[in-house]
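Here's the structure we're looking at; comments come further down.
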Amino acid sequence: MEIEKFFNNIKEQFKKLWKFKIFRYAVILHGIYFIVSLILTLTVFRNQNDFLVYYKVGDVFINDINNLYTADYNWPFRYFPISALFFVPYYLLGFNLGFIVFNIINLILNILICILLYKIILIVKGVNHESEDNRVIFYLCLYLMSLPQVFNYILGQINLYITLLLLISLYFFLKHTTLKWNFFASLILGISVIIKPITLFLIPFIIVINFNLGKKKFEIQYLKSIIRLVGFLIPVSLNIFIFLINPELLNGFLNVNLTGEDTILINHSFSITKLVQNFLIAIGFSQSQLLTLQLPIFITTLIIFGGLGFIFYLIRRFDNYSLIYGYTFGILIMLLGYFDSWDHHLLILTPLLIIIIFNVPRNSSLTKKFVKPTFFFLSFFDLVFMGIWFLSQEFFPFNFASTIFLLLLFYAMSKYCLIKDLQFNNNKF
C-alpha cells in the first residue's frame, strides 16, 4: 500500500508539473538529448567517448590492476584507484548494455538532482522571493535543457554522480546541525572525491571557521570541524591502502594527474593553467621545457585562486548558509586551476548557481550582473565557443570565454563575502 501511495503521489506531482509549458519543453528536449546520445555514442562516437575509458578501466582493474594508469586508453584515467571498482559492473555488462545502463542511471540522477535542488531551495530561499514555485520550476527546467547535458550523455561521463553526492551532502549540512549529521554529510562528500577528485578543493571550506573583522579574532568550532574533516577523509584514505600495497599505482596516479605528458597537450580546456600552457606552446616552448613548467604553473594558479578564495571566505561578513558559497568557491578553484576543465564539468557548478540565485535577495546585483549571466552562458553558449576553438586552434588555441565568466563569478563571490549589508542593491555592489 505504501509503494502504491508513493507512485500515486509521483503521478499527481507530474500532472501538476506537466501544466507548465517550460516543463513540457524540458522533458521533451531532455528526452531527445538522451535518445540521440545513445544512438550517436553506440554508432558514430563508439571509439570517442569517456565511457569507453571507464569500460576499459573495469577490465584492467580485474585483470591487470598494476597497469591501471598505464594501460592503453583513449584518454588518461585520472581518478583514484578505488574508483575503478565502480566501473567493473559496466565492464561485465559489455560495452553496449553497459553504456545504456550507465546513461539510464544518469537520467535517473538528473531527476534526483532536480528534487534535491528543489528541497535545498525551499530551505535557503530568501524572504523576498515569490512564495509560489513557478520560478523554481523555471530554473530547474533550464538546468535540464542546458547543453552540457547532451555532452555529458554522449561522452558517458560521471559528473552527475558527483553533483548528486555534492547536493546530498549540502542538503544534510543545511538541514541538520548535529555532529552525527555533519559527519554523515562530510562522509558523502568524501565519497564524491573517490569517484572523481573534482571536489577535493572543498576540504578547507567545510572547516567551521571565520575571522571576525570587527573583533579581529578567529572564531572556530573545533569539534564540528574535526568531525567534518574526519568524515571527508575516511573515504579518501581508503586509497592509501591500495597505494601502500602497490606503490606503482601512486607513481602512475601522480604522473597522469600532475607531471605526465598528457597534461601538457593543447586542448580546449578553459582553466587558467591550460590557457597559460597553450600560450607557451603557441610562442614556441618545447615539450621538454613545458614538462618542467607545468607543475609550477598549476601550483601558482592554485595558490592564487585557492588562497584568495579561502581568505575571502574566511573573512565573510555573513554566516547563514555560508556553505553554499564555500562549495561554489571549491568547485570554481578546481575549474580555474586544474589542467583539464571541460564543458561537462559545468553540470557540477550550475546547480550551485541556481541555489545562489534563490538565496540572495530577489533583485540583488550579485545575481543580475554576475550569477545569472554566468549561469546562462555556461548552460547554453559555452559549447559554441568550444566549437570555435576547434576551428581556430591552429592559429588561436585559446578557449577563454568560459574562463572570463568563471573569473567574474569568482570576483563577485569574493566581493559578496566582504560586503556587510546583504541586501546588495544596485548602489552597494
Side-chain angles (χ1 to χ4, degrees), residues 50 53 69 73 75-81 83 148 151-152 155 157-159 161-163 165-166 189-190 192-205 232 236 239 250 252-281 290-310 326-350 352 374 378 382 386 389 397-407 409-410 413:
D50 290 330
V53 177
Y69 296 106
Y73 308 125
W75 294 284
F77 176 66
R78 302 188 186 279
Y79 308 161
F80 284 110
S83 69
F151 198 40
N152 189 75
L155 290 177
Q157 254 291 340
I158 204 166
N159 298 294
Y161 293 77
I162 308 304
T163 305
L165 292 172
L166 196 74
L189 194 59
S192 73
V193 177
I194 286 182
I195 298 176
K196 192 167 188 173
I198 193 170
T199 53
L200 193 60
F201 291 154
L202 269 66
I203 291 179
F205 296 99
F232 186 96
V236 181
N239 291 281
L250 177 59
F253 177 79
L254 294 176
N255 180 68
V256 79
N257 277 286
L258 298 174
T259 60
E261 294 182 1
D262 290 313
T263 58
I264 61 172
L265 299 175
I266 288 184
N267 58 42
H268 58 278
S269 168
F270 49 72
S271 73
I272 297 288
T273 301
K274 180 55 66 176
L275 290 175
V276 172
Q277 285 185 335
N278 287 356
F279 172 75
L280 294 178
I281 293 174
L290 205 56
L291 281 171
T292 63
L293 293 173
Q294 60 176 331
L295 195 55
I297 293 170
F298 169 63
I299 293 175
T300 302
T301 308
L302 182 61
I303 290 174
I304 292 172
F305 289 99
L308 286 175
F310 185 66
Y327 273 44
T328 308
F329 264 127
I331 299 302
L332 271 175
I333 291 166
M334 176 61 98
L335 292 178
L336 289 170
Y338 191 61
F339 300 98
D340 293 336
S341 294
W342 309 117
D343 310 77
H344 49 76
H345 291 153
L346 299 173
L347 291 175
I348 302 172
L349 177 65
T350 51
L352 294 172
T374 300
L378 299 181
D382 168 79
M386 185 188 77
W389 183 89
F398 307 105
N399 180 21
F400 62 88
S402 296
T403 317
I404 292 173
F405 278 90
L406 293 177
L407 287 171
L409 180 64
F410 188 91
M413 288 190 39

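Scope of the values below: all heavy atoms of this structure, side chains included, with no hydrogens, waters or symmetry mates. If you're wondering where the values come from, they're calculated on a predicted model, not measured in any experiment.
Note on ring orientation: taking the six-membered ring where Trp is involved, the planes of F398 and F279 are tilted (angle from 30° to 60°).
A heavy-atom distance below 4.5 Å is not found between the side chains of Q157 and F151. The shortest side-chain heavy-atom distance between V256 and F77 does not fall under the 4.5 Å cut-off. Within the 4.5 Å cutoff, no side-chain heavy atoms of P148 are placed close to those of W342. Inter-residue side-chain proximity for L166 and L189 is flagged as met; some heavy-atom pair is nearer than 4.5 Å. Inter-residue side-chain proximity for M413 and L332 is flagged as met; some heavy-atom pair is nearer than 4.5 Å. Put simply, the side chain of L335 reaches to within 4.5 Å of the side chain of I198, judged on heavy atoms. Contact annotation: the side chain of D343 approaches that of H268 to within less than 4.5 Å [non-hydrogen atoms, C-beta and beyond]. Counting only heavy atoms from C-beta outward, the side chains of I333 and F310 never approach each other to under 4.5 Å.
What you find for K274 and L265 is that their closest heavy atoms are NZ-O, 2.8 Å. Closest heavy-atom contact between Q294 and T259: NE2-O, 2.8 Å. Closest heavy-atom contact between D382 and L378: CB-O, 3.8 Å. Nearest heavy atoms, F232 versus V193: CZ-CG2, 3.4 Å.
To the nearest 0.5 Å, atom CD1 of residue I331 and atom CG of residue L336 are 11.5 Å apart. If you take CG on N278 and CG on N399, they are separated by 9.5 Å, rounding to the nearest 0.5 Å. To the nearest 0.5 Å, atom OG1 of residue T374 and atom CG of residue L409 are 5.0 Å apart. Taking OG from S341 and CG from L406, the interatomic distance works out to 8.0 Å, rounded to the nearest 0.5 Å. To the nearest 0.5 Å, atom OG1 of residue T163 and atom NE2 of residue H345 are 10.5 Å apart. Put simply, OH on Y327 and CG on L349 are 14.5 Å apart, with the number rounded to the nearest 0.5 Å.
Judged by distance alone, with hydrogens and angles left aside, the side-chain atoms of T403 form a donor-acceptor pair with the main-chain N or O of F270 at under 3.5 Å. Q277 places no side-chain N or O within 3.5 Å of a backbone atom of I266 that could act as its donor or acceptor partner. Under a 3.5 Å cut-off, the side chain of D50 and the backbone N or O of L155 do not form any donor-acceptor pair.
Using a cutoff of 4.0 Å between basic side-chain nitrogens and carboxylate oxygens, D262 and R78 are not scored as salt-bridged.
The one candidate from N257, T273, T301, T263 that meets the side-chain hydrogen bond (donor to acceptor under 3.5 Å, both in side chains) condition with Y338 is N257.
Note: F339 and F298 meet the aromatic proximity criterion, with ring centroids under 6.0 Å apart.
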- Message: Could you go through F80 and F253, starting from their C-alpha distance and side-chain angles, then the distance that decides it, and tell me whether this counts as ring-ring contact (aromatic ring centres under 6.0 Å, His included)?
- Response: CA-CA 7 Å; F80 284 110; F253 177 79; 4.8 Å; yes

- Quick one: do I297 and L280 satisfy side chain to side chain contact (heavy atoms under 4.5 Å, CB included)? Show the steps, please. CA-CA 11 Å; I297 293 170; L280 294 178; 3.7 Å; yes

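Considering only residues two or more places apart in sequence or on other chains, F410 meets the ring-ring contact (aromatic ring centres under 6.0 Å, His included) condition with F305, F329.
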